[in-house]
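Working notes, beginning with the structure itself.
Quick note on labels: first sequence line is chain A, next is B, and so on, each numbered from 1.
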There are 2 protein chains.
Amino acid sequence: MNEETREAVMAATHRALCTHGFADLTTQRIADEWEKSKAALHYHYDTKEELLRTFLDHLLAKFESRLACESADPRVRLDAFVDAVFAPVEADDDSREFAVALLEIKAQAPYSETYRDRLAALDERMRETVAGAVRDGIEAGHFGDADPDDVARFVVTAINGAHVREVALDESPSEARRLIEGYLDDALGRDPATEVPA
Amino acid sequence: MNEETREAVMAATHRALCTHGFADLTTQRIADEWEKSKAALHYHYDTKEELLRTFLDHLLAKFESRLACESADPRVRLDAFVDAVFAPVEADDDSREFAVALLEIKAQAPYSETYRDRLAALDERMRETVAGAVRDGIEAGHFGDADPDDVARFVVTAINGAHVREVALDESPSEARRLIEGYLDDALGRDPATEVPA
DNA sequence: GCGTGCTTACTAACCAGTCAGTCAAGTGGC
DNA sequence: GCCACTTGACTGACTGGTTAGTAAGCACGC
């Protein structure tokens, strides 16, 4: 399949999912967003399930690509992670749309091992990103003593919660972000006023 | 309607929702769980939407009833809150089933103002429960200085996250609970070893 | 002329909701 | 005590609309 076509179908699926929700997500609605026929969709994807599985992969890959940060300074890496988790994916779509789609998928996880496995992999990668930065930061003397795995698990749990609130309560994630950053400052013995050297 | 009937329909809806998920929740499946006909369901509830609205009320009321704690000691109240949030609703159903149903509802919130409003009310009550206990605890000299609203928001956000992880990753909430309790000990300057007098 | 990408038109299954009618448990008149 | 009637709870069969997926055919670049 054409890469351009694939991207257009994924974007259409995303829009249709956010507009109608998982329960009312039909191939017709995805096709409408794509501005092609329903049969054209079945030409590229045999079943709706296959299309949605592909979409999940696409969504998670897009999210994970944001988490990568190559900086050697663990303080920069940690800040970049929080930034990535709360920032919109692209300039044109807001972070809420993304969180809505992801929560829809998460709510389906109990009924699909595939979904569950992929979400578990994402979660582990998120926790490892945080734990790694914390570990390196402690080693380098930037942070005070703390259990990297515990800090990582707590931060990732709080991020999960922040995303739920953003979707279910239509709340801006900025408050949650501030609190998570405050927690990190406390737990790692960072002075919030101290600037990290660029 | 008979109270017994109502309770049976609510329980059937809960089972059907947890078994099939919101997307595949049909009146037929609820009727099957109830072991009555689909038409009988429409006899009691005009529309599927009305039934689900009633179910949401039932689910939230059940949850909120657990949050009430009358103790005068804010430390006891705070512990009871964390207990209530993580404990199974009843002896016969586990906390996961409940969290699954609640997450399904939360994922529908963007498409229903009714759902969103009720979830917002629950969230506010949860935050006020924590903030009140923290405020009283600081005043009574049990806790160190902290912003009660910030602590409450962060704790409730983390609880939201813990519930998502329980559902989406099929993870036991015990780790998350331990971390939340640890955060409270830190933020409120509590000694984890100190026993609260009964 | 042949494959790729697509369309219109279709099908079988399934959906929420309706309807006519059943059945048991009252209720009131006599 | 018994009959006529009402009421509440329910069923099975149905309807109109919607769904995922299919079939047959068309345009068009190579």
query: Is the shortest distance from a Lys or Arg side-chain nitrogen in Arg29(A) or Glu33(A) to a carboxylate oxygen in the other one below 4.0 Å?
result: no
- line: Between OH of Tyr43(A) and C1' of dA24(D) the distance, given in whole Å, is 15 Å
query: Hey, which of these two, Thr47(A) or Lys36(B), hits DNA chain D nearer its 5' end, going by closest nucleotide?
result: Lys36(B)
message: At a heavy-atom distance below 4.0 Å, which nucleotide of DNA chain C is the first touched by chain B, and which is the last?
response: dC15(C) to dC19(C)
query: Counting any heavy atom closer than 4.0 Å, what does Thr26(B) reach on the DNA or RNA strands: base, sugar-phosphate only, or nothing?
result: sugar-phosphate
Leu41(B) CG - dG8(D) P separation (whole Å): 19 Å
- prompt: Does a salt bridge link Asp83(A) with Arg177(A), judged by any charged N lying under 4.0 Å from a carboxylate O?
  reply: yes
- line: Looking only at dG8(D), dT11(D), dA23(D), the nucleotide nearest the Ala39(A) side chain is dA23(D)
query: Rounded to the Å, how far apart are Asp24(A) CG and dT18(D) P?
result: 12 Å
message: Just the rounded figure in Å: distance from P of dA20(D) to CD of Glu50(A).
response: 15 Å
field: No-H, no-angle donor-acceptor pair, Lys48(A) side chain to dG21(D) base, under 3.5 Å
entry: no
query: How close or far is atom P of dG12(D) from atom CG of Asp32(B), stated in whole angstroms?
result: 12 Å
Close side-chain approach of Arg135(A) to Glu128(A), heavy-atom, < 4.5 Å: yes
query: Are Val85(A) and Ile180(A) side-chain neighbours, meaning at least one heavy-atom pair lies under 4.5 Å?
result: no
- prompt: In terms of the nearest nucleotide of DNA chain C, which residue is placed more toward the 5' end: Asp46(B) or Glu35(A)?
  reply: Glu35(A)
field: Residue pair Val100(A) / Val167(A): nearest heavy atoms and the distance that separates them
entry: N-CG2, 3.5 Å
task: Could you check how far CE of Met1(B) sits from C1' of dC10(D), rounded to whole Å?
output: 14 Å
field: Heavy-atom side-chain proximity of Leu52(B) to Ile105(B) below 4.5 angstrom
entry: no
- request: Compare the minimum distances between each of dC10(D), dT11(D), dA20(D) and the side chain of Thr27(A), then state the nucleotide with the smallest one.
  value: dA20(D)
query: What's the NE2-P distance between His42(B) and dG12(D), to the nearest Å?
result: 15 Å
query: How long is the line joining CG of Leu51(A) and C1' of dG21(D), in whole Å?
result: 13 Å
task: Taking the six-membered ring of Phe98(B) (Phe, Tyr or Trp), confirm whether the NZ or CZ of Arg66(B) is under 6.0 Å from its centre and within 45° of its axis.
output: yes
- request: Assign Lys38(A) to base, sugar-phosphate, or nothing according to its heavy-atom contacts below 4.0 angstrom with the strands shown.
  value: base
